[in-house]
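Presented below is the structure to which this report refers.
Quick note: numbers below take in every heavy atom, side chains included, and nothing from hydrogens, waters or symmetry partners. All ligand and atom numbering here is 1-based and tracks the order in the structure. Keep in mind it's a predicted model, so treat the numbers as computed, not measured.
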Amino acid sequence: MSAEPAVHARFEAAATIVREAGRLAHRRFGEIESLTVDVKFNGQDVATSADREVEALIRARVAAAFPEDGVLGEEEGLVAGGAAFVWVVDPIDGTSPFLHGMASWCVSIGIAAGGRTVAGYIYDPCADELFAAREGHGATLNGRPIAVDRAYDLTTGLTGLGANHKVPSAAITDFATRLLDSGGMFIRNGSGALMLAHVACGRLVGYFEPSINLWDCAAGLCLVREAGGWTTDFEEDPAAAVAGPLMVGAPQIRDALHALAAG
Ligand code: LIP
């Protein structure tokens with residue numbers, strides 16, 4: 001029996017859940033001074049009480065609507081379900097910009113089945129931009145179809161770069177140096193999910209991160225694929241949930257981006 005109706009039901013429900021989560025996160029964005037902050041990997045990798053509150057809301061809404069589904073969230077990890085579907089959640093992607101009062105953050109919700117993200121939403125409440133994708137049905141921004149850029153190359157377009165302290169700094173600086181030396185330019189906004197959404201709608205020509213988590217990129221992978229872009233292989237099984245390198249982009253820059261990353 002086709003899984004289409006089950007995917008469709010979850011895709012429809014997730015649209016409401018991601019917006020409600022985004023409204024809550026945006027309220028907390030206005031109350032930063034009241035948040036509690038816990039250090040994770042280091043001082044650049046933290047979780048706020050808003051991250052945990054938003055994830056709890058999403059988990060509650062998923063449990064109410066699809067009690068048999070699993071959820072993998074950045075803050076509470078994997079709660080496996082009995083069904084074929086696992087929701088992959090980053091309640092606030094871009095926690096560092098969020099905590100420092102900058103608008104480059106979002107709520108990211110992916111829906112995985114059979115080890116692949118088959119639908120996803122990335123909601124940017126500050127810009128009120130809702131990116132959505134469902135496998136085989138394309139990608140949209142606020143309901144209008146989107147596609148990766150087809151005109152720019154690495155020397156004329158902007159390339160997103162993910163950076164954190166989970167890899168040696170040379171993994172980031174060497175790539176940035178090669179990109180600059182080739183005539184290109186990078187941007188890092190602190191939210192991998194949001195930069196993947198910007199690739200899907202053609203604002204960025206590509207994205208590279210030496211080590212990104214599944215909850216950061218699950219929804220964005222579905223968005224980029226459905227918007228006509230390519231992605232490097234990434235373990236999307238929520239049960240594995242490993243961090244790893246990721247490249248995505250528009251077709252015309254695939255070889256050049258691989259060459260830059262290879263060094
Ligand atoms: C962030 C990612 C970003 C990565 C940061 C951080 P968070 O997610 O979106 O790509 O470079 O280190 O992990 O922690 O803000 O949800």
Heavy-atom distances under 4.0 Å are what count here, so tell me which part of [X] touches ligand 1: side chain, backbone, both or neither.
| X | value |
| --- | --- |
| Tyr207 | side chain |
| Thr95 | both |
| Ile92 | backbone |

If you count heavy atoms of other groups shown closer than 6.0 angstrom to CZ of Phe234, is the number above 12?
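More than 12 within 6.0 Å, yes.
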
Considering residues, nucleotides and ligands other than Phe11, do more than 12 of their heavy atoms fall under 6.0 Å from its CZ?
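Enclosed: over 12 neighbouring heavy atoms sit under 6.0 Å from CZ of Phe11.
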
Looking at non-hydrogen atoms alone, which of Glu74, His165, Arg188, Gln44 comes nearest to atom 5 (C) of ligand 1?
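Result: the heavy atom closest to atom 5 (C) of ligand 1 is in Arg188.
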
Show which atoms of ligand 1 fall inside a sub-4.0 Å distance from at least one heavy-atom site of Asn164.
4 (C), 11 (O), 12 (O)

Ligand 1 atoms nearer than 4.0 angstrom to some heavy atom of Asp90 are 16 (O)

For [atom], what is the closest protein heavy atom, and at what distance to 0.1 Å?
| atom | answer |
| --- | --- |
| atom 2 (C) of ligand 1 | Asp93 OD1, 3.6 Å |
| atom 6 (C) of ligand 1 | Gly190 O, 4.5 Å |
| atom 3 (C) of ligand 1 | Gly192 N, 3.6 Å |

Glu31 and Arg28 ion-paired at < 4.0 Å:
yes

Does the pair Lys166/Glu209 count as a salt bridge with the N-to-O cut at 4.0 Å?
no

Give a yes-or-no answer on whether the side chains of Asp51 and Thr95 include a donor-acceptor pair shorter than 3.5 Å.
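Per modelled atom types, Asp51 and Thr95 side chains form a pair under 3.5 Å.
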
With a 6.0 Å cut-off on the ring centroids, do Trp230 and His258 count as close?
yes

Do the two ring centres, one from Phe29 and one from Phe98, sit under 6.0 Å apart?
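Yes, ring centres under 6.0 Å apart.
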
Using a plain distance cutoff, I'd like to know if [X] has any nitrogen or oxygen under 3.5 Å from a nitrogen or oxygen of ligand 1.
| X | result |
| --- | --- |
| Ser191 | no |
| Ala163 | yes |
| Asp216 | yes |
| Gly94 | yes |
| Glu209 | yes |

Report yes or no: do Val18 and Phe85 belong to one cluster of Ile/Leu/Val/Met/Phe/Trp/Tyr joined by side chain heavy-atom distances under 4.5 Å?
yes

Show every salt bridge (Lys or Arg N to Asp or Glu O under 4.0 Å) that has at least one partner inside residues 68-89, sequence neighbours left out.
Arg10-Glu68, Arg10-Asp69, Lys40-Glu74, Lys40-Glu75

